[in-house]
**Student:** 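Structure incoming, see below.
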Amino acid sequence: MTSRLTAREATHFREKLLRWYDENPRPLPWKSDKDPYKIWLSEIILQQTQVSQGLPYYLHFIEAYPTVRDLADASTDEVMKSWEGLGYYSRARNLHAAAKFIANERDGVFPDDYTGLLELKGVGPYTAAAIASFAYDLPHAVIDGNVYRVLSRYFGVYEAVDTTIGKKIITQLADQLISRDIPAAYNQAIMNFGALVCKPKAPVCHSCPLSNRCGAKADGSIDLLPIKSKRLIRKQRYFHYLIIIDGDNTYIEKRGVDDIWKSLYQFPILETSGVTPITSLQNWMPGYNLHLNKPKTELKQTLTHQEIHGLFYIVRDFNADTLPDSWVKKPISSLDTLAFPKMIRTFISDYF
DNA sequence: AAAACGGGGGG
DNA sequence: CCCCCAGTTTT
């Protein structure tokens, strides 16, 4: 399936959109100059993240790591701490890896074309197009959630956009629509337009400069588009955390497994498949008879594909002979400087 | 092609 | 409660 537009259709869309953007600019700090480092950083932070949520993190990163070399020279723990609370932590790990790659293998010089950008860890088609256009004025069309929505509505795309065919249709449309003269402005324009006018819910069609030729508007299918086919299944998990009080110290470990929250810290953990609180460590440390009091606190955190139930047990008389190698004894006061998942950070703040 | 990966905000 | 967010990587 191909979606070819006439030059007239494309020009109309493009010019209406650019005119709207002229009248509705959105000043953001990373747009003030064309520093690819700042643009890259902002784009990674904004992946699946709203501007309002990512902005404080961006400001912190720029201050803590003014250049890609500063970021490359930071420790993993420091970078993870800077990212704490923002979610999708692979972004932080990939960001750090890419910074080291640029600083050490490329002498601090950013790739300056789409293909080169794509080789950076954490940079996919969207981010490569964004950097290529914003930093280098190259004509690569960004395709993000806004673009899927705007184009599927305007051009009446009823193919689900989360399928190969649906993505291809949107991509072909986007590639025909982007301005060859001012690709950066065009990309900014369509994303802002999607965020402010052609919104997911309650789009502002009455003041939309494109509504007179909008396919979805014409057949009343605005709230049906874009169509998505996949539905979400959420798994329940039960994490039992041992808060071992040893004077002014406690024990923590770093999550290194292939699972959520990799590279963040946690208290010693036992996972069960059911809700029932545990009362001993028999299944994990056979022969060690320790009675666990009922959890001091229970917290729940909902992630995209799982719901985590955190049960926090206070243990004051822990004296097992041997401890797992991964456990590290730390002063309770030092926990502030390490990165923990949101739920654990909440517990620490409330309890200590 | 599908699943996994966080956390916050809006209706 | 469900959907969405300036998506990418892994399976």
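What you see below is based on every heavy atom in this structure, not just the backbone, and it leaves out hydrogens, waters and symmetry mates. Here is how names work: the chains are called A, B, and so on, in the same order as the sequence lines, proteins then strands, and each is numbered from 1.
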**Student:** Between P on C:dG7 and CD on A:Q48, what's the gap in Å once rounded to a whole number?
**Tutor:** 5 Å
**Student:** Pick the C1' atom in B:dG6 and in C:dC3, then give their distance to the nearest Å.
**Tutor:** 15 Å
**Student:** Would A:Q47 and A:Y126 count as having a side-chain donor-acceptor pair, cut-off 3.5 Å?
**Tutor:** no
**Student:** A:T49 side chain N/O closer than 4.0 Å to the phosphate oxygens (OP1, OP2) of C:dG7?
**Tutor:** no
**Student:** Scan A:L118 against the nucleic acid and name what it touches under 4.0 Å (heavy atoms): base, sugar-phosphate only, or nothing.
**Tutor:**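 Since no nucleic acid heavy atom lies under 4.0 Å of A:L118, the category is nothing.
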**Student:** From the set C:dC5, C:dA6, C:dT8, return the single nucleotide nearest to any side-chain atom of A:P200.
**Tutor:** C:dC5
**Student:** Might you list the N or O atoms of the protein lying below 3.5 Å from N or O atoms in nucleotides 9-11 of chain B, with each pair's distance?
**Tutor:**
residue, atom, partner, partner atom, Å
B:dG10, N2, A:K201, NZ, 3.3

**Student:** Check whether any side-chain N or O of A:Q306 sits under 3.5 Å from a backbone N or O of A:L303 as a donor-acceptor pair, and report yes or no.
**Tutor:**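 No, the answer is negative, given that no donor and acceptor are paired below the 3.5 Å cut-off.
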**Student:** Rounded to the nearest Å, what distance is computed from the CD1 atom of residue A:I45 to the C1' atom of nucleotide C:dA6?
**Tutor:** 12 Å
**Student:** For DNA chain C, which residues of residues 135-145 of chain A approach it to below 4.0 angstrom with any heavy atom?
**Tutor:** A:D144, A:G145
**Student:** Under a 3.5 Å cutoff, is there a donor and acceptor pairing between the side chains of A:S82 and A:Y65?
**Tutor:**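 Yes.
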**Student:** Say you pick atom C1' in C:dC5 and the same atom in B:dC5; how far apart are they, in whole Å?
**Tutor:** 14 Å
**Student:** Compute the ring centroids of A:F318 and A:Y288, then answer whether they are less than 6.0 Å apart.
**Tutor:** yes
**Student:** Using 4.0 Å as the upper bound for N to carboxylate O, is an ion pair formed by A:R345 and A:D336?
**Tutor:** yes
**Student:** For A:R149 and A:A128, take the nucleotide of DNA chain C holding the closest heavy atom to each; which residue's nucleotide lies nearer the 5' end?
**Tutor:** A:R149
**Student:** Under 4.0 Å, counting only non-hydrogen atoms across every strand here, what does A:K121 touch: a base, just sugar-phosphate, or nothing?
**Tutor:** sugar-phosphate
**Student:** Between the side chains of A:H309 and A:Q236, is a donor N or O closer than 3.5 angstrom to an acceptor N or O?
**Tutor:** yes
**Student:** Examine the base of B:dG6 for any acceptor or donor lying under 3.5 Å from a partner atom in the side chain of A:T304, and report the outcome as yes or no.
**Tutor:**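 It does, because a donor-acceptor pair links the side chain of A:T304 to the base of B:dG6 below 3.5 Å.
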**Student:** Counting just side-chain N and O atoms, does A:Q306 come under 4.0 Å of either OP1 or OP2 of B:dA4?
**Tutor:** no
**Student:** With nearest nucleotides of DNA chain C determined for A:K31 and A:G122 from heavy-atom distances, which residue corresponds to the more 5′ nucleotide?
**Tutor:**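 Going by which nucleotide is closer to the 5' end, it is A:K31.
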**Student:** Between atom CG in A:L224 and atom C1' in C:dC3, what is the gap in whole Å?
**Tutor:** 15 Å
**Student:** Quickly work out the A:Y126 OH to C:dT9 P distance and round it to whole Å.
**Tutor:**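 Rounded to the whole Å, the gap is 14 Å.
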**Student:** Which comes earlier along DNA chain B counting from the 5' end, the contact point of A:T163 or that of A:Y88, where each point is its nearest nucleotide?
**Tutor:**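 Residue closer to the 5' terminus by nearest nucleotide: A:T163.
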**Student:** Can you tell me the distance, in whole Å, between the OH atom of A:Y58 and the C1' atom of C:dC5?
**Tutor:**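 It is 20 Å, rounded to the nearest whole Å.
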**Student:** Any chance the rings of A:F347 and A:F340 have centres within less than 6.0 Å?
**Tutor:** no
**Student:** Would a single hydrophobic cluster contain both A:V204 and A:L224, if residues Ile, Leu, Val, Met, Phe, Trp and Tyr are joined by side-chain heavy-atom contacts under 4.5 Å?
**Tutor:** no
**Student:** For C:dC2, which nucleotide in any strand shown is its Watson-Crick or wobble partner with both distances under 3.5 Å?
**Tutor:** B:dG10
**Student:** With no hydrogens and no angle check, is any side-chain donor or acceptor of A:R153 less than 3.5 Å from a backbone partner on A:C214?
**Tutor:** no
**Student:** Starting from P on B:dA4, measure out to CZ on A:R234 and report it in whole angstrom.
**Tutor:** 12 Å
**Student:** NE2 of A:H305 versus P of C:dT10: gap in Å, rounded?
**Tutor:** 16 Å
**Student:** Which heavy atom of A:K16 sits nearest a heavy atom of A:P209, and at what distance?
**Tutor:** CD-O, 3.7 Å
**Student:** Between A:K217 and A:L210 (side chain of the first, backbone of the second, donor and acceptor by atom type, cut-off under 3.5 Å), is there such a pair?
**Tutor:** no
**Student:** Taking C:dT8 as the reference, what is the distance to B:dG8 when you measure between their P atoms (whole Å, please)?
**Tutor:**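 So the two P atoms sit 22 Å from each other.
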**Student:** Rounding to an integer number of Å, can you tell me how far A:L95 CG sits from C:dT9 P?
**Tutor:**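 In whole Å, C:dT9 P and A:L95 CG are 12 Å from each other.
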**Student:** Starting at the 5' end of DNA chain B, which residue's closest nucleotide do you reach first, A:K342 or A:D259?
**Tutor:** A:D259
**Student:** If you check every side-chain atom of A:P125, which of C:dT8, B:dG6, C:dC4 has the closest atom?
**Tutor:**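 Of the options given, the side chain of A:P125 lies nearest C:dT8.
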